[in-house]
Novice: 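I have a structure I would like to understand better, so I am pasting it below and will then ask my questions one at a time.
The analysis underlying the following values was restricted to heavy atoms, covering all of them including side chains, and did not include hydrogens, waters or symmetry mates.
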2 protein chains.
Amino acid sequence: MAWHPDHKQHSRKRILNAAATLFARKGFDNTGINDIMEEAGMTRGAFYHHFSSKRELYQESLRNAAINRFRQALQDPDDLQSGVDLKRLIETYLDPSHPLGIDGGCPMAFLVTDIAQRDETIRSTYTGLLQGMLHRVQAATGSDQQAVLRQLVLMIGGVAIARAVNNDELRLQLLDACKQGLLPTQE
Amino acid sequence: MAWHPDHKQHSRKRILNAAATLFARKGFDNTGINDIMEEAGMTRGAFYHHFSSKRELYQESLRNAAINRFRQALQDPDDLQSGVDLKRLIETYLDPSHPLGIDGGCPMAFLVTDIAQRDETIRSTYTGLLQGMLHRVQAATGSDQQAVLRQLVLMIGGVAIARAVNNDELRLQLLDACKQGLLPTQE
DNA sequence: GTCTATAGGTGGATAGAC
DNA sequence: GTCTATCCACCTATAGAC
């Protein structure tokens, strides 16, 4: 191994992807470094050559996954020239498949209360990501800040609550209710 | 000790109150039975005479704390004859002091993603509590289900996100944005 | 860079005295 | 019913061979 100079980069990316999936599914405390490295196809010992601690990985993974997920939802991956498509974002984000979290899910929603319990560094990262989304959507739509914040709460909060709920019907009704608050009138 | 037949009931209540506070602050995994029993003024060993497991306590504590918090916010504790006061609920729930969680905070918001990661029993309890709130508010206001669900997302999601955020200004703006979506026009 | 092995700490749950 | 003491499983992080 290690023949390729890119090899370490690829390993790092595999770890980050595995971490995003597992943290979203089980949270920080219930995800072991063992689990992550197994999912990435390696063993425990190799971990600390890529990240200095589990905490650092969590932070890196949060930033990485949130940006990927919003970028992916904001514009068609097959048409990278397209700009910010808010309608597409809302429908992708509030799609019934999102709270199921098969492929991981947005950490802004899946890990809200998990992050609220961590140290200031992680919370700062979360805050910065939220502010980035706020400014980006504001610039794209021209809506005032309060309206956009409310939209973000309906998206992130809606998915978070839908994921906790144990009843398919209620979950769909929740997502529909949020969609209806977002799509028709954009205030 | 144990002279009073009510003594066990009092101990149980002390444990439940301590659990509500600590679970809200630190989540399930970072709250030890040790911590809870110390906060309640006892030691580890006594715990299992009141609850059969940490999981069972979590469930009991969730139900207990959610109902207390909503009952307290819905009607003036000094005037138990008053009915459901939605305006009061919204303002109490979205008060800037709530996300700080000094006295514990609503578990529906503080523990959303924590609960999403637990077993079906806990998620069923959460779902039932949410449905109870939905029906209660619907009956009190006559609004349609979708509108009430959206209101609940703005309240619960708003507090959950505000708690994760690390910036006083943004936190207040979030809470205000949610309040403005709830108070003026009740759709 | 990745492996195996282990140190070192933590916490749920149980046993048994009082 | 509450206490102290302990068992046992788990997990982060490090050491050292390859």
Side-chain angles (χ1 to χ4, degrees), chain A residues 1-62 111 114-115 117-119 121-122, chain B residues 1-62 111 114-115 117-119 121-122:
Chain A
M1 312 286 176
W3 304 321
H4 250 253
D6 292 343
H7 189 209
K8 187 170 183 181
Q9 288 297 326
H10 283 117
S11 291
R12 188 186 155 92
K13 195 164 280 184
R14 285 215 313 283
I15 297 173
L16 275 171
N17 287 338
T21 306
L22 293 178
F23 280 142
R25 187 182 306 155
K26 305 194 291 176
F28 182 81
D29 293 307
N30 288 309
T31 302
I33 292 184
N34 216 356
D35 306 329
I36 295 170
M37 294 304 278
E38 255 175 37
E39 177 87 12
M42 283 169 280
T43 56
R44 255 209 305 283
F47 175 77
Y48 292 90
H49 291 269
H50 296 276
F51 300 92
S52 71
S53 68
K54 186 184 175 186
R55 229 196 94 276
E56 188 194 303
L57 170 65
Y58 192 63
Q59 177 154 354
E60 210 59 51
S61 161
L62 165 63
L111 297 170
D114 200 311
I115 283 156
Q117 291 156 13
R118 315 265 156 236
D119 64 33
T121 318
I122 306 262
Chain B
M1 311 284 176
W3 302 323
H4 240 256
D6 291 344
H7 189 208
K8 186 170 183 181
Q9 288 297 326
H10 283 117
S11 291
R12 188 187 156 90
K13 193 164 279 184
R14 285 215 315 282
I15 296 173
L16 275 171
N17 287 337
T21 306
L22 293 178
F23 281 141
R25 187 183 307 155
K26 306 193 291 176
F28 182 80
D29 293 307
N30 289 309
T31 302
I33 292 184
N34 217 356
D35 305 329
I36 295 169
M37 294 304 279
E38 255 175 38
E39 177 86 14
M42 284 169 279
T43 57
R44 253 210 306 284
F47 175 77
Y48 291 91
H49 290 269
H50 294 276
F51 299 92
S52 70
S53 68
K54 187 185 174 185
R55 230 195 92 275
E56 187 195 303
L57 170 66
Y58 192 62
Q59 177 154 353
E60 210 59 51
S61 160
L62 166 63
L111 297 170
D114 200 312
I115 283 155
Q117 291 155 14
R118 315 264 157 239
D119 65 32
T121 318
I122 305 261

Novice: Return the set of residues passing side-chain hydrogen bond (donor to acceptor under 3.5 Å, both in side chains) with A:Lys13 (not counting sequence neighbours), or none when no residue passes.
Specialist: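 Once residues adjacent in sequence are excluded, A:Lys13 has no partner under the side-chain hydrogen bond (donor to acceptor under 3.5 Å, both in side chains) criterion.
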Novice: Check side-chain contact (heavy atoms from CB on, under 4.5 Å) between B:Ala40 and all other residues, then give those that pass, not counting sequence neighbours.
Specialist: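 Per chain and number, B:Ala40 pairs via side-chain contact (heavy atoms from CB on, under 4.5 Å) with B:Arg14, B:Ile15, B:Ala18, B:Met42.
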Novice: From the list C:dT2, D:dC3, C:dG1, which nucleotide is the closest neighbour of the side chain of B:Thr43?
Specialist: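 Output: D:dC3.
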Novice: Side chains of B:Ile33 and B:Leu57: closer than 4.5 Å at any heavy-atom pair?
Specialist: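 With C-beta onward as the side chain, the pair stays apart.
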Novice: Atom CZ of B:Phe51 to atom C1' of C:dT14: distance rounded to whole Å?
Specialist: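 Rounded to whole Å, this separation is 18 Å.
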Novice: Treat primed atoms plus P, OP1 and OP2 as sugar-phosphate and everything else as base, then score nucleotides 5-13 of chain D 5' to 3': B for base contact with protein heavy atoms under 4.0 Å, S for sugar-phosphate contact only, - for none.
Specialist: -B-----BB
Novice: How long is the line joining CE of A:Met42 and C1' of C:dT4, in whole Å?
Specialist: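 Computing the A:Met42:CE to C:dT4:C1' distance gives 16 Å.
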Novice: Rounded to whole Å, please give me the gap between NE2 in B:His50 and P in D:dC3.
Specialist: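 The answer, rounded to whole Å, is 9 Å.
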Novice: For D:dT2 and B:Ser11 - does any side-chain N or O of the residue sit under 4.0 Å from the phosphate oxygens OP1/OP2?
Specialist: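 For B:Ser11, the contact criterion (side-chain N or O under 4.0 Å from OP1 or OP2 of D:dT2) is met.
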Novice: Just to verify, what does A:Asp35 make a side-chain hydrogen bond (donor to acceptor under 3.5 Å, both in side chains) with, not counting sequence neighbours?
Specialist: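 Residues passing side-chain hydrogen bond (donor to acceptor under 3.5 Å, both in side chains) with A:Asp35: A:Lys26.
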Novice: Only Watson-Crick and G-U wobble pairs with both distances less than 3.5 Å should count. Give DNA chain D in dot-bracket notation, marking inter-strand partners with |.
Specialist: ||||||||||||||||||
Novice: B:Asn30: which residues meet the side-chain hydrogen bond (donor to acceptor under 3.5 Å, both in side chains) condition with it, sequence neighbours left out?
Specialist: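 If we apply the side-chain hydrogen bond (donor to acceptor under 3.5 Å, both in side chains) test to B:Asn30, skipping adjacent residues, the hits are A:Asp29.
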Novice: Whole Å only: how far is the CD1 atom of B:Ile15 from the C1' atom of D:dG1?
Specialist: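 In whole Å, D:dG1 C1' lies 10 Å from B:Ile15 CD1.
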Novice: Checking B:Glu60 now: which residues fulfil side-chain hydrogen bond (donor to acceptor under 3.5 Å, both in side chains) with it, not counting sequence neighbours?
Specialist: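 Expected list: none.
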Novice: Measure NZ/B:Lys8 against P/D:dG1 and give the value in whole Å, please.
Specialist: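 These atoms are roughly 5 Å apart.
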Novice: Can you tell me the distance, in whole Å, between the CD1 atom of B:Ile36 and the C1' atom of D:dT2?
Specialist: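 For the pair B:Ile36 CD1 and D:dT2 C1', the rounded distance is 17 Å.
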Novice: Just jot down the salt bridge (Lys or Arg N to Asp or Glu O under 4.0 Å) partners of A:Arg12, sequence neighbours excluded, or say none.
Specialist: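 Counting only residues at least two positions away or on another chain, A:Arg12 forms no salt bridge (Lys or Arg N to Asp or Glu O under 4.0 Å).
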Novice: I'd like to check the side-chain contact (heavy atoms from CB on, under 4.5 Å) partners of A:Glu56; sequence neighbours left out, ordered by chain and number.
Specialist: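 Here the qualifying residues are A:Phe51, A:Ser52, A:Ser53.
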Novice: Is any side-chain heavy atom of B:Met37 closer than 4.5 Å to a side-chain heavy atom of B:Thr43?
Specialist: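 No, every pair of side-chain atoms sits at 4.5 Å or beyond.
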Novice: Would you kindly give the NE2-to-C1' distance between B:His49 and C:dA13, to the nearest whole Å?
Specialist: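 Taking atom C1' of C:dA13 as the reference, NE2 of B:His49 is at 12 Å.
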